[in-house]
*Asks:* 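Handing you a structure now.
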2 protein chains.
Amino acid sequence: MFQFATKTMRQKNKPITIDGIDKKILRKLMADARTPILEIGRHVGISGAAIHQRLKKLEKSGLISASRCIINPRILGYTTLAFVGIHLDKSMRSPEAVKLLKRIPEIIECHYTTGNFSIFTKVLCKNNEHLMHLLNDSILSISGVTSTETFISLDQQIDRQIKI
Amino acid sequence: MFQFATKTMRQKNKPITIDGIDKKILRKLMADARTPILEIGRHVGISGAAIHQRLKKLEKSGLISASRCIINPRILGYTTLAFVGIHLDKSMRSPEAVKLLKRIPEIIECHYTTGNFSIFTKVLCKNNEHLMHLLNDSILSISGVTSTETFISLDQQIDRQIKI
DNA sequence: TTTGAAATCGGTTGACG
DNA sequence: CGTCAACCGATTTCAAA
């Protein structure tokens with residue numbers, strides 16, 4: 001099976017230009033990472049060997065950065081998705097805070113941001129009570145975190161990658 | 001090759017309990033969706049056929065919802081990631097706005113949220129100038145959108161799925 | 001870049017413990 | 001749930017166009 005290189009295996013990225021065939025390959029694999037190379041080949045009208053080579057090129061360029069199976073958190077009882085903006089005391093060094101945030105499994109994204117917050121996170125909880133404990137017991141207990149603002153996702157209407 | 005079922009093929013989700021072997025399978029596939037079933041089998045110490053059966057179970061449960069290859073937008077020149085909160089006029093029906101937002105390819109996430117915004121989005125742009133045009137020409141030009149607030153991601157420190 | 005062929009390996013199924 | 005065996009299809013490599 002064609003397998004994408006891991007980070008440590010990967011060489012320095014090469015500049016790349018992608019054509020229509022590359023786009024078709026990417027679209028197929030963005031929809032289903034396990035689409036067989038031969039099936040892609042039949043779809044775009046060239047041989048599997050050619051798809052294989054193009055895939056190696058796309059991978060070396062860094063454009064394909066990973067392939068993941070996507071877990072539906074609802075099935076595990078995680079039904080609350082929220083965004084949490086974090087205000088840090090100006091005496092607090094952000095990297096320290098982020099180091100501690102990385103240990104909190106409910107935090108699935110964390111960004112340094114411009115605007116009203118020092119740090120902006122996306123979190124996944126079982127329910128609102130779980131979210132409350134996450135805020136009070138985990139996030140607000142980090143020294144330097146002065147306050148948070150929470151935006152609970154009531155319904156996600158769009159979830160997609162960059163358009164190819 | 002093992003391929004995950006598409007949405008239309010999938011049956012109604014069944015309740016599920018997952019054990020340690022299931023967790024190992026999931027972790028492998030979350031890291032690389034193209035890991036061969038036989039390799040997973042060698043890793044956890046059971047046959048490929050058994051892994052195959054478990055995978056079908058995990059898929060039917062809905063826990064594995066997709067498998068995607070992940071594109072690195074930077075390679076295509078998209079270097080600006082931002083969160084944009086949107087305020088809607090109370091006369092505007094949100095579904096209308098969302099319908100229009102879906103047509104904007106730079107918007108990769110869109111949520112109805114609690115808190116200060118009607119709608120909260122995640123957007124991907126080539127640079128700050130592109131972001132400015134997205135805000136002024138695309139988002140703010142939607143009728144009912146009264147104002148936006150932008151949080152540009154300066155650096156993403158965490159990006160992961162739910163912990164299994 | 002693409003191809004076809006050859007060799008190797010993986011996915012899938014069914015019968016059975 | 002698990003194995004094994006058998007079949008079929010996919011991946012990978014390479015010489016050649």
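Here is the naming used below: chain letters follow the sequence lines, and residue numbers restart at 1 for every chain.
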*Asks:* Provide, to the nearest angstrom, the distance between the CD atom belonging to B:Glu39 and the C1' atom belonging to D:dA10.
*Replies:*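 Rounded to whole Å, this separation is 16 Å.
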
*Asks:* Which nucleotide wins on minimum distance to the side chain of B:Arg54, given the candidates D:dC1, C:dT1, D:dT13?
*Replies:*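 Of the candidates, D:dC1 comes closest.
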
*Asks:* Given pairs defined as Watson-Crick or G-U wobble with both distances under 3.5 Å, what dot-bracket annotation applies to DNA chain D, with ( ) intrastrand, [ ] crossing, | other strand and . unpaired?
*Replies:* .||||||||||||||||

*Asks:* Using a cut-off of strictly less than 4.0 Å, decide whether A:Arg34 has a side-chain nitrogen or oxygen near OP1 or OP2 of C:dG10.
*Replies:*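 False: A:Arg34 side-chain N/O out of range (4.0 Å or more) of C:dG10 OP1/OP2.
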
*Asks:* Roughly how many Å is it from NE2 in A:His52 to P in C:dT2, rounded to a whole number?
*Replies:*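 Computing the A:His52:NE2 to C:dT2:P distance gives 14 Å.
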
*Asks:* Quick one about B:His87 and B:Glu149 (side-chain donor to acceptor, distance below 3.5 Å, no hydrogens or angles considered), yes or no?
*Replies:*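 There is no such pair between these side chains.
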
*Asks:* Choose from C:dG4, C:dG14, D:dT11 the nucleotide whose nearest atom is closest to any side-chain atom of A:Ala49.
*Replies:*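 From the listed options, C:dG4 comes nearest.
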
*Asks:* Would you call the rings of A:Phe117 and A:Phe151 parallel, tilted or perpendicular, where under 30° means parallel and over 60° means perpendicular?
*Replies:*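 Ring orientation, 0 to 90° scale: perpendicular.
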
*Asks:* We want to know whether A:Ser67 and B:Asp32 form a side-chain donor-acceptor pair, criterion being a heavy-atom distance below 3.5 angstrom.
*Replies:*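 B:Asp32 and A:Ser67 do have a side-chain donor-acceptor pair below 3.5 Å.
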
*Asks:* Taking the nucleotide of DNA chain D with the nearest heavy atom to each, does A:Arg42 or A:Gln53 sit closer to the 5' end?
*Replies:*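 Upstream on the strand: A:Arg42.
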
*Asks:* Could you check which of C:dT12, C:dT3, D:dA10 has an atom nearest any side-chain atom of A:Ser47?
*Replies:*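 Of the options given, the side chain of A:Ser47 lies nearest C:dT3.
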
*Asks:* Which nucleotide in the list C:dT2, C:dT13, D:dT3 gets nearest to the side chain of B:Ala50?
*Replies:*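 Of C:dT2, C:dT13, D:dT3, D:dT3 is nearest to the side chain of B:Ala50.
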
*Asks:* Categorize A:Ile37 for me: base, sugar-phosphate, or nothing, with a 4.0 angstrom heavy-atom threshold over every strand shown.
*Replies:*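 Sugar-phosphate: the residue A:Ile37, judged by heavy atoms under 4.0 Å, touches backbone atoms but no base.
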
